[in-house]
Amino acid sequence: MKVSALDLKRQIAPIRQELDAAIKEVIDHTSFILGQAVVRFEQSVVRYSGAKYAIGVSNGTDAIALALIALGIESGDGVICPTFTYFATAGAVASIGARPVFADIELDTYNISLTSVEEILSKKNKFKIKAIIPVHLYGQCADMDGILKLARKYKLKVVEDTAQAFGAEFRGRKAGTLGDCGAVSFYPGKNLGAFGDAGLILTNNRVVADRLRILRNQGNKNKYYHLVLGRNNRLDAIQAAVLEVKLKYLDEWNRKRQEVAQYYNKKLAGLAINTPFVPSYTTHIYHQYTLRAAGSNKRFLEYLQEKGIDSRVFYPMPLHLQKCFKYLGYGVGCFPEAGSAAKQIFTLPIYPEMTLEEKDYIIDQVLIRVRH
Ligand SMILES: *Cc1c(COP(=O)(O)O)cnc(C)c1O
């Protein structure tokens with residue numbers, strides 16, 4: 001049997017007519033950049049998330065970069081982020097000339113470690129640390145209480161990387177609405193995915209929201225009068241129309257992901273393998289379902305792939321060891337938890353439309369491997 005990591009065809013088929021109609025409407029109006037469709041989607045996200053403002057942008061990476069600029073982060077400033085995340089978190093920091101300052105992760109949640117952050121902040125740094133980017137990895141929130149407390153103490157701006165957790169909740173509030181800004185990605189493979197690149201920034205601060213609207217559109221306040229050095233980071237109308245249709249189904253899809261995860265958890269309980277740990281302060285929307293084995297994940301990965309199961313490792317190399325960040329001067333052994341997670345974790349396919357047959361097949365193969 002073959003089980004892919006994700007099957008978007010199954011997601012699209014039942015809502016195809018609705019999607020086609022929404023795309024057609026944009027074409028009929030020929031308003032392809034910003035315009036009504038984007039405004040409508042932004043308003044829907046405001047209602048959905050409870051954030052005061054939502055600003056659609058070109059993708060999740062630009063969402064992080066623009067949020068940092070709007071919050072006053074400048075070239076040379078230090079920005080703390082976990083080393084165990086997708087490249088774009090730190091890539092966005094470096095793209096505006098700021099300096100990624102890496103922190104280690106927690107053993108059980110894989111999210112940023114407050115102990116590690118506090119250690120960085122309490123020592124003397126050669127550059128001024130101005131912001132922190134907690135990443136809500138795999139679909140569950142980092143410890144925002146602790147992060148906001150440290151942010152107040154050290155006067156840091158907080159940008160939540162909500163690329164993998166749009167719809168998750170921290171103590172009843174939507175991920176991305178607790179910090180100064182939340183950056184969301186609608187990359188097609190995310191829980192809410194566009195038909196191309198798209199992203200969005202959440203904020204409760206009107207001044208920051210106004211700045212972001214100008215920054216994403218070439219620094220324009222009125223056309224051809226440029227207040228600041230902006231960028232072309234607009235959300236296009238067709239993507240907004242697609243997302244508007246799909247947003248209605250997001251909670252249902254996330255619920256179904258949770259059901260798949262609960263099924264896996266139940267069947268894999270009590271084995272020499274760690275299922276995801278979810279602290280009581282957060283919900284988990286399972287962008288990824290990650291297991292941890294005692295030995296190396298390489299053998300698990302090869303075995304599952306051989307059985308037709310599209311298991312992956314997110315992520316095989318922490319950012320502090322990536323060649324592109326060599327200039328930051330980190331080395332092997334700098335962040336031990338991230339280092340060992342990268343060697344031991346692997347995913348099982350998870351998406352809302354999985355069949356019982358597929359889930360059972362995956363479980364059976366894992367059980368055979370673990371009991372060997
Ligand atoms: C996907 C992702 C991003 C980047 O989003 P894009 O829309 O692809 O630019 C940033 N951070 C994390 C953690 C992600 O998973």
Side-chain angles (χ1 to χ4, degrees), residues 5-6 8 41 45 54-69 79-96 98 100 102-103 105-106 109-112 131-142 144 147 158-168 175-176 179 181-202 216 231-236 239-240 242-243 246 254 257 282 284-290 312-320 322 324-325 338 341-342 345 347 350-351:
L6 178 66
L8 286 175
F41 176 59
V45 171
I55 299 96
V57 296
S58 37
N59 56 64
T61 312
D62 289 332
I64 299 169
L66 287 181
L68 291 170
I69 297 170
V79 178
I80 296 177
C81 67
T83 181
F84 195 67
T85 174
Y86 180 56
F87 159 78
T89 311
V93 173
S95 79
I96 66 160
F102 292 123
I105 53 166
E106 296 177 333
T109 65
Y110 310 111
N111 275 324
I112 195 163
I132 180 167
I133 309 180
V135 178
H136 304 314
L137 200 69
Y138 303 146
Q140 72 173 344
C141 296
M144 290 305 294
I147 287 157
V158 179
V159 176
E160 299 174 65
D161 184 336
T162 314
Q164 301 188 4
F166 187 56
C181 288
V184 185
S185 164
F186 302 119
Y187 179 82
K190 300 283 158 80
N191 287 31
L192 177 60
F195 287 174
D197 279 309
L200 181 132
I201 303 158
L202 300 164
R216 75 170 166 184
R231 322 190 336 171
N232 179 354
N233 284 164
R234 297 172 299 234
L235 172 60
D236 84 63
Q239 300 307 338
V242 166
L243 289 164
K246 284 183 153 199
N254 283 343
R257 283 174 183 266
T282 182
H284 199 324
I285 57 164
Y286 295 98
H287 175 59
Q288 301 296 348
Y289 182 88
T290 301
R312 311 272 181 95
V313 172
F314 300 110
Y315 297 89
M317 184 187 270
L319 298 185
H320 70 279
Q322 300 282 349
C324 66
F325 291 124
I345 56 147
T347 66
I350 191 163
Y351 56 95

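Just so you know, ligand 1 is whichever comes first in the structure, and atom 1 is the first atom listed for that ligand. Nothing fancy with the numbering, it's 1 onward along the sequence.
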Asker: Pull out every atom of ligand 1 sitting under 4.0 Å from any heavy atom of Gly60, numbered as shown with elements.
Answerer: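 Contacts of ligand 1 toward Gly60, numbered from 1: 5 (O), 6 (P), 7 (O), 9 (O).
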Asker: Could you check Tyr86 against Tyr187 for ring pair (Phe, Tyr, Trp, His ring centres under 6.0 Å), going step by step and ending with a plain yes or no?
Answerer: CA-CA 13 Å; Tyr86 180 56; Tyr187 179 82; 8.1 Å; no
Asker: Please state which protein non-hydrogen atom is closest to atom 9 (O) of ligand 1 and give its distance, to 0.1 Å?
Answerer: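 Sorting protein heavy atoms by distance from atom 9 (O) of ligand 1 puts Thr61 OG1, 2.5 Å first.
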Asker: Can you name the nearest heavy-atom pair linking Gly179 to Met144, along with the distance?
Answerer: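 So the two residues come closest at N-CE, 4.3 Å.
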Asker: Any idea which atoms of ligand 1 are less than 4.0 Å away from a heavy-atom of Ala88?
Answerer: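 That gives atoms 3 (C), 4 (C), 10 (C) of ligand 1.
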Asker: Which ligand 1 atoms, with their elements, are less than 4.0 angstrom from a heavy-atom of Thr85?
Answerer: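 What qualifies from ligand 1 is 13 (C).
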Asker: Output yes when the distance from some N or O of ligand 1 to some N or O of Ser185 is under 3.5 Å, and no in every other case.
Answerer: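 Looking only at distances, the answer is yes, because the N/O contact criterion of under 3.5 Å is met.
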Asker: Please identify which of these residues, His284, Glu160, Gln164, meets the side chain to side chain donor-acceptor pair (under 3.5 Å) condition with His136.
Answerer: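 Exactly one candidate clears the test, Glu160.
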Asker: Would you call Asp161 a ligand 1 contact, heavy-atom distance under 4.0 Å?
Answerer: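 Asp161 counts as a contact of ligand 1 under the 4.0 Å cut-off.
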Asker: Could you tell me which atoms of ligand 1, counted from 1 in the order shown, lie closer than 4.0 angstrom to a heavy atom of Ala163?
Answerer: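 Heavy-atom distances to Ala163 below 4.0 Å select 2 (C), 3 (C), 10 (C), 11 (N), 12 (C), 14 (C), 15 (O).
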Asker: Taking all atoms of both residues into account, what is the closest heavy-atom pair of Ser185 and Lys190, and its distance?
Answerer: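 The pair with the smallest heavy-atom distance is OG-NZ, 3.5 Å.
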Asker: Under 30°, 30 to 60°, or over 60°: which ring-plane class applies to Tyr315 and Phe84, parallel, tilted or perpendicular?
Answerer: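 Perpendicular.
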Asker: Give the residue and atom name of whichever protein heavy atom lies nearest to atom 15 (O) of ligand 1, and the separation in Å to one decimal.
Answerer: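 The closest heavy atom on the protein side is Gln164 NE2, 2.8 Å.
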Asker: Are the side chains of Val184 and Leu192 in contact, using a 4.5 Å heavy-atom criterion?
Answerer: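 They are not in side-chain contact.
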Asker: Among all protein non-hydrogen atoms, which one is nearest to atom 2 (C) of ligand 1, and what is the separation to 0.1 Å?
Answerer: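 Checked against all protein heavy atoms, atom 2 (C) of ligand 1 sits closest to Lys190 NZ, 2.7 Å.
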Asker: Provide the closest heavy-atom pair for Gly176 versus Thr162 in the form atom of the first, atom of the second, distance.
Answerer: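 Smallest heavy-atom distance, with atoms named: CA-OG1, 3.4 Å.
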